Undergrad: 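Here it is, the structure, as structure tokens.
Every value quoted in this text rests on a predicted model; they were computed, and no experiment measured them. Below, chain A is the first sequence line, B the second, and so on; all start at residue 1.
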Amino acid sequence: MRRLVSFIAGSLFGTGLLISGMVDTAKVQGWLDVFGNWDPTLAFVMGGAIIPMAIAWAFTRGRKPAFGEAFPAPPEPKLGRNLVIGSTLFGMGWGLAGLCPGPAMASLTFNGLSGLVFLVAMAAGMWAAPPLKTKLEAAPQA
Amino acid sequence: MPIEWIYGLIGGALIGIAGAIFLLLNGRIMGASGILGSLADGTAGRQAGENIAFIAGLIAVPGALALLLGPVETNITPQLWVLITAGLLVGIGTRLANGCTSGHGVCGISRLSLRGIMATVFYILAGGVTVVLFKHILGVI
């Protein structure tokens with residue numbers, strides 16, 4: 001059942017990315033490009049997604065997931081260097097190519113060889129990240 | 001309101017509904033980088049099967065829709081160095097930060113998570129600076 005739910009969620013997620021135009025790297029770079037021809041579409045996508053999600057979070061209070069043990073624990077209010085450095089590196093890559101992990105997967109079938117090269121490089125980065133993460137966590141605080 | 005903005009709102013709502021289903025039924029945060037990354041680095045454990053099912057839907061359904069509805073404009077760069085550098089940065093960065101646009105952005109901001117909000121601030125700032133630098137100053141992308 002959990003696998004079916006996951007498949008349906010992935011399908012809806014992909015459909016949303018396609019309809020919203022977030023598989024178009026020009027739209028993503030257009031949103032980041034405040035000195036160019038700024039494209040606000042991404043803000044509408046974010047807004048549209050956050051509303052149902054906020055309702056879902058409100059619904060989790062005092063309940064249990066239908067096919068799971070418990071809802072995710074509240075996040076720690078702690079940032080840490082992994083979050084700051086990681087998000088900065090992610091943003092640089094996102095700006096360079098106009099792709100983030102969801103759209104990179106959703107557009108795989110119609111993005112040609114370029115899309116495949118990006119996805120393989122991204123998966124390689126994900127595979128290589130854990131040792132770096134441990135090192136950053138262990139390093140003394142500045 | 002331009003039609004792209006309306007499509008953005010509708011598509012965004014679908015993304016939010018997908019995240020809501022994943023949370024309310026499976027009890028998990030829908031984060032694309034975590035779902036793929038845990039498979040890439042072998043930490044998915046018992047969730048490997050459902051992660052693969054999620055990715056199967058995420059790849060196959062837009063693919064089928066593109067076949068039905070006609071070609072999709074993606075404007076992806078043909079430059080190999082950009083694709084490889086950007087892919088590595090996105091892969092490493094999202095795993096260090098434990099999330100990307102879907103996990104930190106959509107799921108984190110909607111529960112007012114400080115980590116989600118700050119991650120989003122950092123990747124948007126870094127993305128904006130990168131586009132301005134590489135597009136307008138260096139002119140290479």
Undergrad: Using 0.5 Å steps for rounding, measure from the CG atom of B:N75 to the CG atom of A:D24.
TA: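 One gets 4.5 Å once the value is rounded to the nearest 0.5 Å.
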Undergrad: For the backbone of B:F122 and the side chain of A:T88, can you confirm whether one donor and one acceptor N or O come within less than 3.5 Å of each other?
TA: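 No, the answer is negative, given that no donor and acceptor are paired below the 3.5 Å cut-off.
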Undergrad: Can you say whether B:V132 sits under 4.5 Å from chain A via the side chain, the backbone, both, or neither, judging by heavy atoms?
TA: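 The side chain, not the backbone.
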Undergrad: Taking the inter-plane angle between the rings of A:W94 and B:Y123 on a 0 to 90° scale, is it parallel (under 30°), tilted (30 to 60°) or perpendicular (over 60°)?
TA: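 Perpendicular, since the angle between the ring planes exceeds 60°.
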Undergrad: Tell me which of these, A:F35, A:F13, A:W127, A:F71, has more heavy-atom pairs under 4.5 Å with chain B than the rest.
TA: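 Of A:F35, A:F13, A:W127, A:F71, A:F13 has the most heavy-atom pairs under 4.5 Å with chain B.
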Undergrad: Give the C-alpha distance, both sets of side-chain angles, the deciding distance and a yes or no for side-chain contact (heavy atoms from CB on, under 4.5 Å) between B:E73 and A:V23.
TA: CA-CA 8 Å; B:E73 201 69 59; A:V23 292; over 6 Å; no
Undergrad: Donor-acceptor pair, distance only, cut-off 3.5 Å: does the side chain of A:W57 make one with the backbone of B:L112?
TA: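 No, because the side chain of A:W57 does not come within donor-acceptor range (under 3.5 Å) of the backbone of B:L112.
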Undergrad: Do the side-chain N and O atoms of A:S6 and B:N26 include a donor-acceptor pair separated by under 3.5 angstrom?
TA: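 Side chains of A:S6 and B:N26: pair found under 3.5 Å.
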Undergrad: If you measure from the Lys or Arg side-chain nitrogens to the Asp or Glu carboxylate oxygens, is any gap between A:R2 and B:E50 under 4.0 Å?
TA: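 Looking at A:R2 and B:E50, the cut-off is met.
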Undergrad: Starting at NE2 of B:H104, measure out to CG of A:L83 and round the result to the nearest 0.5 Å.
TA: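 CG of A:L83 is found 5.0 Å from NE2 of B:H104.
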Undergrad: Between OG1 of B:T101 and CG of A:L42, what distance do you get to the nearest 0.5 Å?
TA: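 So the OG1 of B:T101 and the CG of A:L42 are separated by 8.0 Å.
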Undergrad: Keeping B:R115 on the side-chain end and A:P75 on the backbone end, is there a donor-acceptor pair under 3.5 Å?
TA: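 Not confirmed, B:R115 side chain does not pair with A:P75 backbone.
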Undergrad: Applying the side chain to side chain contact (heavy atoms under 4.5 Å, CB included) criterion to A:M126, which one of B:L39, B:L88, B:T94, B:D41 satisfies it?
TA: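 The passing option is B:T94.
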Undergrad: To the nearest 0.5 Å, tell me how far A:M46 CE sits from B:I124 CD1.
TA: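 One finds 6.0 Å between CE of A:M46 and CD1 of B:I124.
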Undergrad: Tell me whether B:R95 contacts the main-chain N or O of A:A129 through its side chain, where contact means a donor paired with an acceptor under 3.5 Å.
TA: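 Such a contact is absent between B:R95 side chain and A:A129 backbone.
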Undergrad: For B:S110, is it the side chain, the backbone, both or neither that has a heavy atom under 4.5 Å from a heavy atom of chain A?
TA: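 For B:S110, backbone and side chain are both near chain A.
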Undergrad: Taking every non-hydrogen pair under 4.5 Å, which of A:A9, A:A43, A:G115 racks up the most with chain B?
TA: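 Greatest number of close heavy-atom pairs with chain B: A:A9.
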Undergrad: Relative to chain B, which segment of A:K78 carries a heavy atom at a distance below 4.5 Å: side chain, backbone, both, or neither?
TA: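 Looking at A:K78, just its backbone touches chain B.
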Undergrad: Given that the side chain runs from C-beta out, which part of B:L25 has a heavy atom under 4.5 Å from chain A: side chain, backbone, both or neither?
TA: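 Backbone plus side chain of B:L25, per the 4.5 Å heavy-atom cut-off to chain A.
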Undergrad: Does B:T74 offer a backbone N or O that forms a donor-acceptor pair with the side chain of A:T25 under 3.5 Å?
TA: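 A pair under 3.5 Å: yes.
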Undergrad: Between B:L24 and A:F59, is a side-chain contact (heavy atoms from CB on, under 4.5 Å) present by the stated rule, with each step listed?
TA: CA-CA 8 Å; B:L24 295 176; A:F59 194 80; 3.8 Å; yes
Undergrad: Could you give the distance from CD1 (A:I50) to CD1 (B:I109), rounded to the nearest 0.5 Å?
TA: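 Going from the CD1 atom of A:I50 to the CD1 atom of B:I109 covers 4.5 Å.
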Undergrad: At what distance, to the nearest 0.5 angstrom, does CG of A:L18 lie from CG of B:L69?
TA: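 So the CG of A:L18 and the CG of B:L69 are separated by 7.0 Å.
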Undergrad: Given that the side chain runs from C-beta out, which part of A:A70 has a heavy atom under 4.5 Å from chain B: side chain, backbone, both or neither?
TA: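 The backbone, not the side chain.
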